[in-house]
Protein chains: 2
Amino acid sequence: MVDKLQDSYLAAHDQLYRILRMRIMYGEMSPGQAITLRGVAAEFGLSVTPVREALKRLAAEGALSISVTGRFQTPKLSNDRIEELASLRALIEVELATRALPRAHMALVERLQTINNAISVAVAKADAVTYIRTNLEFHRTLYLRAQAPAMLATVETVWLQMGPTMRALYGRLQRKDPPVNHRLILAALKAGDEPGLRVALRADVTQGLRMLAQ
Amino acid sequence: MVDKLQDSYLAAHDQLYRILRMRIMYGEMSPGQAITLRGVAAEFGLSVTPVREALKRLAAEGALSISVTGRFQTPKLSNDRIEELASLRALIEVELATRALPRAHMALVERLQTINNAISVAVAKADAVTYIRTNLEFHRTLYLRAQAPAMLATVETVWLQMGPTMRALYGRLQRKDPPVNHRLILAALKAGDEPGLRVALRADVTQGLRMLAQ
DNA sequence: CATATGTGTTTGTGATCACATTTCTACAGG
DNA sequence: CCTGTAGAAATGTGATCACAAACACATATG
């Protein structure tokens, strides 16, 4: 037990929430993994009170599921649920990208290209966690330009719910190529091509989920 | 202090969450209204522990906002935020209605008509809370047919965030007529007219928010 | 009249405890 | 080898307490 929390101005439960949220969203946990109050409390040197708050908050956002007896675990998503979440991503992210397009200047495109290179590196190294994290960073960087915090927050909770499943998925499909759709997105942004942007984004969000329905 | 909670199989914090959630979603609280742990605890005859859980859960869903010093209050939405949430409603609810359309048989349409009559009664009586509740019941009844629980849950959190503002809005616009768009929705459902359904639904969700931008 | 100042009260936070229930683990019987 | 069962361990829940920070309001000061 090491104190992994800084004694900053943030409350302990809040720091803990952020740490666990990243673990889940970026695929550092597998689906169905159990989490206990006293286990987390021991790991971070806390009592159960702030841990309970952090876990309940994550559960409220769908990042954790609670069994009928109150136990916490990362969600195991059904195929139907995955299809639904992918549709939600497509709906909201297409809208976010559309709103970002008029404000997407060259500096933004360059930053996206830099992130995209990092994604390629992660793919080459078969580093699932880094891949998921940088991929989401690509999307978030674009959507921040949309100036639509509520939409961004909503889509982030969708990412959160898919985190553990994304990890499991990545291991199954073993992708070798850097994301082709990201290049299409960048091209559409440069050209100011809204229809092209929407198509490319929808494809990027939906791909990878097909091999699941098998 | 009366014990408003049944000693059922549900945990106290869970019952409390549901009660407060309904209060907020159905416009029984005004925007900016303060809520305290000990206040709610006293009202329901509980200690602060389960109250904290319920309030934090509501805050995680956007039903309450937390000040920098940790105080709870119902959210006061900016015009930009309202526009965003209305767009989210339109995006997701159009999709839900589209998915429900193939499964919408006569029995469902009749139930929707019954609910619609209740809405008219609430409008005639100028009963804001009943109007909001039955109006959302109309939408929820339709969307349940879509068999898309994740999408429904997402749009319900949007409703939740708009609850207090809806109440304030209703008082400002003083509507006299029963919802015309609901009739268009019902007609499109009967005719199996998907484009018409999408247009009517988008109009229903977006109307009322226009008088806000003034 | 406006603006600090001070003080008592209120508020959220985290730790600790008791309790009921669930889950795990041997061990027995078939 | 499988199954059921008794005891032990682990788990979430809610109450209570101490504490520091924030707040409200009356009073003093310019």
Inset, instruction - Could you tell me whether the side chain of A:Arg71 has a donor or acceptor atom within less than 3.5 Å of a complementary atom in the base of D:dG12? - result: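 Side chain to base: no pair present.
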
Legend entry - Pair of N/O donor and acceptor under 3.5 Å linking C:dG14 base with A:Arg52 side chain: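 Result: no qualifying N/O pair found.
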
Inset, instruction - Run through B:Gln161, B:Arg140, B:His139 and flag the one making a side-chain hydrogen bond (donor to acceptor under 3.5 Å, both in side chains) with B:Glu156. - result: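 Answer to the side-chain hydrogen bond (donor to acceptor under 3.5 Å, both in side chains) test with B:Glu156 among B:Gln161, B:Arg140, B:His139: B:Arg140.
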
Does [N] have its OP1 or OP2 closer than 4.0 Å to a side-chain nitrogen or oxygen of [X]?
X       : N      : answer
B:Thr49 : D:dG14 : no
A:Lys56 : D:dG12 : no
B:Thr69 : D:dC23 : yes

Could you give the [atom1]-to-[atom2] distance, from [X] to [N], as a whole number of Å?
X       : N      : atom1 : atom2 : answer
B:Leu10 : D:dT13 : CG    : C1'   : 13 Å
A:Asp14 : C:dT13 : CG    : C1'   : 12 Å
B:Leu37 : D:dC23 : CG    : P     : 15 Å
A:Ile66 : D:dT13 : CD1   : C1'   : 12 Å
B:Glu53 : C:dG14 : CD    : P     : 14 Å
A:Leu46 : C:dT16 : CG    : C1'   : 14 Å
A:Ile35 : C:dT23 : CD1   : C1'   : 18 Å

Legend entry - Donor-acceptor pair between B:Glu83 and B:Ser87 side chains, under 3.5 angstrom: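 Side chains of B:Glu83 and B:Ser87: pair found under 3.5 Å.
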
Legend entry - Sub-4.5 Å side-chain heavy-atom contact between A:Leu136 and A:Tyr26: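 Answer yes - side chains close enough.
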
Inset, instruction - Count the heavy atoms belonging to other residues, nucleotides or ligands that lie under 6.0 Å from CZ of B:Arg202, then report whether that count exceeds 12. - result: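 No, the 6.0 Å shell around CZ holds no more than 12 heavy atoms from other groups.
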
Legend entry - Closest-nucleotide ordering on DNA chain D, the 5'-leading residue of B:Arg38 and B:Pro50: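 Closer to the 5' end of DNA chain D: B:Pro50.
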
